[in-house]
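In listed order, ligands and their atoms are each counted from 1.
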Amino acid sequence: MSDKRLTNLTVYEKAQLVSGGGFWSTRGFEKKGVKPIKTSDGPAGLRVQAENRSDSMGLNSSVPATVFPAHSSLACSFDKRLVNAAARAIGEEARSFGVDILLAPAVNIKRNPLCGRNFEYFSEDEYLSGALGAEYIKGLQSTGVGACVKHFAANNKEYGRTVSDSVVDGRTLNEIYLTPFETCVKEAGPRAVMTAYNRLNGTFCNENTALIRDILRGQWGFDGLVISDWGGTHDRVAAIKAGADLEMPGCKFSVGEIVAAVEDGRLTEAELDECAERVIRATDLKITRKECDFGEHAAFAVECAENCAVLLKNDGVLPLDKSKTVAVIGEYAKKPVYQGGGSSHVNYTDLTNIYDCVKREYRVVGYARGYRKKSTAKRLISRAVKLAKSADVVILCAGLSASDAEGSDRKNLSLPENQLALISAVCAVGKPVVCVLSCGGAVDCPFDGGVNALLFAGLNGQGGGKAVCNILSGKVNPSGKLAEGFPADINAVESTANFNESPYYTVYREGMNVGYKGNAEYKYPFGYGLSYTSFGYSDLCVMDNGVSFVLTNTGGRDGAEAVQLYIIYPEEARSGMRLKGFEKVFLRSGESRRVDIPFDGYSFRSYDGALGKWRVVTGEYELCVGSSSRDIQLRQKTFKTGDISGVTAAKTENPAPAEYALSRDKRGRVKAELSTPFSELHASRALLVRLFVKAALGLFKNNPTVGGTMHYITLRSAAQFARFNTVQAQGFIDAFNGRYLRGAVKMLMIGPEKIGRKKK
Ligand code: BGC
């Protein structure tokens, strides 16, 4: 035991220390030299809440803070410097509120476009996610605020996220799903890692020794803090054994569980000390508050959004001619869709919208709402059509308002019917139509043949309205590229077939066929994005330490290009084509520059599932430089002598895992236990419980975040969020088993941990 303060703490105090304090903070033992620390979400901005109005679903308000583009948009910048600077600004705001650890970045892979939380993640690609995640961490930690990279690991859907088992073969897991975390840990040294809610290959991530002890700490050398996701603990004793240091939010009854386990020998004090010591070390890095300039950040949020927008189509209508009269159509022009729902929700400081900004630049003939959430009011469409006829050009704002949300997944990639009807009616008028899409991920664009320009604004934060206007007017050249492809048909994407096969498991049968690495066709592929200028690629040189080539701005405007290096692996490596480098290069019109993209430790490696090791396959590698995954401009082969002649393919025939264990009586009725998911109690033995569950789920059926989360939240998490102590938690379970009176009496026993034993 190296820290003297640890020796001064009793077992009971150490149990308290690793069991969190409040909703966002840890417990301090000031007299013994251990300070409390404060955490906050993340990732698109700061979400500091009052302790008595705290939640992990973005329900209650938080302090005003700058809303930066969501990770999904930020990634489209393909710009490491920008991501670093955005995270630094978020860090400065966190520091001004005394936040010690920000719960960001989120580097899970967008395995399938339907995942409701994709907007919070960078990309479908592990290299891009890792590189940008690492920059985010460096920028954030440069302010002294610690980063907590999340959600470790294979958390790729929201349906049943708190109980689901991600069944992934070793090769796929390491190559695709762990690599972004590995890059973050090794290249940027985050202060903390948050374990995911789900199980991985049978064991909850927060209790997963293979994941935490063997891979994270053993292989990658991480010696920072491992924090549970909020309510993501199932067995606290097993979690400590696996090396999960801190349970969040504060859980009173865990304290009793830990003390009892030490007393009866299921947990050694040394195991508890290991976690407690890491918590103490994290609390030593307490932040010193410092004011920051929110006005400057608001301006920078606009710059970020400008770099993130992706121009998908342009027949020449953009940039918009200043002499044209403009009709602005679509509710989202005035009520912007600029961030997703759930724990990443930020309370903006200065919100811009497209309508106000366009009005400052153009002669706007009018605004028509065009659609209303869930309403197909035909008169809204007729008014929009009438307005379109009176203008030279139409700006039509469309998107998704509620489906980019934590807690639930999308059912399809379609825009709402009323918006599709509006777009086709407005296009039929015959005036040029510029469509702006605001949403957190890929959507079907059956209308893109009819519109003259299509700009994917994404979820671009509070500065989004101004940024879009600057792009439409040509003040800024669009330079974003898609960090997630838009599939031509979602059903052809390999993971769609088993995306939501069960709330209790997902078998990753598609193996490494994720995004552009798969066989599906993409309407707008990964890495794709147009510009108002054009770029020429020439003179590729392949060296031992990287590639270099000449990029020329061959068009009439200044602008930036996100250049991409892909490597096609030899057949024996069974990897296909992979992104292995990228740079964002700004060039004046006519300017040329030599661009270098170095190789790194991730460039040529292949994971052999049978050996359980990284190897370099000997063979011919093709180096491809291009402007997207489907537009390679320069290519050259090179031979590499590695340490193996080939690796085994991903084993995609994983068996379906066992059903989630539920306790039942002889008649098959569910007996409530701490591990029981809430909605399973629809089959409870107690009539009142059945009615209650039905009513509660019905109440939130239109709220995807709360409703979706509630279905599969375990009773343990619910008791934890309710801040129950040990006796109350028992009462909670009694009540759910129909022993209402006994349960109610116990639940009234408010107090501290109530461990039911003598305090040690
Ligand atoms: C989310 C985390 C978040 C935490 C705290 C959880 O529901 O999964 O990403 O950091 O809540 O709000």
query = By number and element, which atoms of ligand 1 are closer than 4.0 Å to a non-hydrogen atom of Arg47?
reply = 12 (O)
task = Looking only at distances, please establish whether an N/O atom of ligand 1 is found under 3.5 Å from an N/O atom of Asp229.
result = yes
message = Set out, in order, the CA-CA distance, both residues' side-chain angles and the distance that settles side chain to side chain donor-acceptor pair (under 3.5 Å) for Arg27 and Ser19, then state yes or no.
response = CA-CA 8 Å; Arg27 197 185 290 243; Ser19 302; over 6 Å; no
ask   = Between Glu247 and Arg716, is there a side-chain N and carboxylate O pair less than 4.0 Å apart?
value = yes
ask   = Just distances here: any N/O of Glu406 and N/O of ligand 1 closer than 3.5 Å?
value = yes
note = shortest atom 11 (O) of ligand 1-to-protein heavy-atom contact is with Ser56 CB, 3.3 Å
message = Does the structure place the NZ or CZ of Arg199 under 6.0 Å from the centre of the six-membered ring of Phe204, at an angle of no more than 45° from the ring's axis?
response = yes
query = What are the atoms of ligand 1, with element, lying closer than 4.0 Å to any heavy atom of Leu103?
reply = 10 (O)
inquiry  = Could you tell me, atom by atom, which parts of ligand 1 come under 4.0 Å of a heavy atom of Lys150?
reply    = 2 (C), 3 (C), 9 (O), 10 (O)
message = For ligand 1, which is the ligand I care about here, please tell me if His151 has any N or O atom under 3.5 Å from one of the ligand's N or O atoms.
response = yes
request  = Quick one: pull up CD1 in Ile287 and CD1 in Ile37 and give me the separation to the nearest 0.5 Å.
outcome  = 11.0 Å
task = Please identify which atoms of ligand 1 are closer than 4.0 Å to at least one heavy atom of Arg117.
result = 1 (C), 2 (C), 8 (O), 9 (O)
inquiry  = Holding to side-chain hydrogen bond (donor to acceptor under 3.5 Å, both in side chains), I want the full list of residues that pass it with Lys290, two or more places apart in sequence or in another chain.
reply    = none
task = Can you measure from CD1 (Ile101) to CG (Leu140) and round to the nearest 0.5 angstrom?
result = 10.0 Å
ask   = Which of the numbered atoms in ligand 1 are below 4.0 angstrom from a heavy atom of Trp24?
value = 5 (C), 12 (O)
query = Short list, please: which atoms of ligand 1 are under 4.0 Å from a heavy atom of Met194?
reply = 10 (O)
remark   = heavy-atom search around atom 3 (C) of ligand 1 in the protein gives Asp41 OD1, 3.3 Å
ask   = Between the side chains of Thr172 and Arg111, does any donor sit under 3.5 Å from an acceptor?
value = no
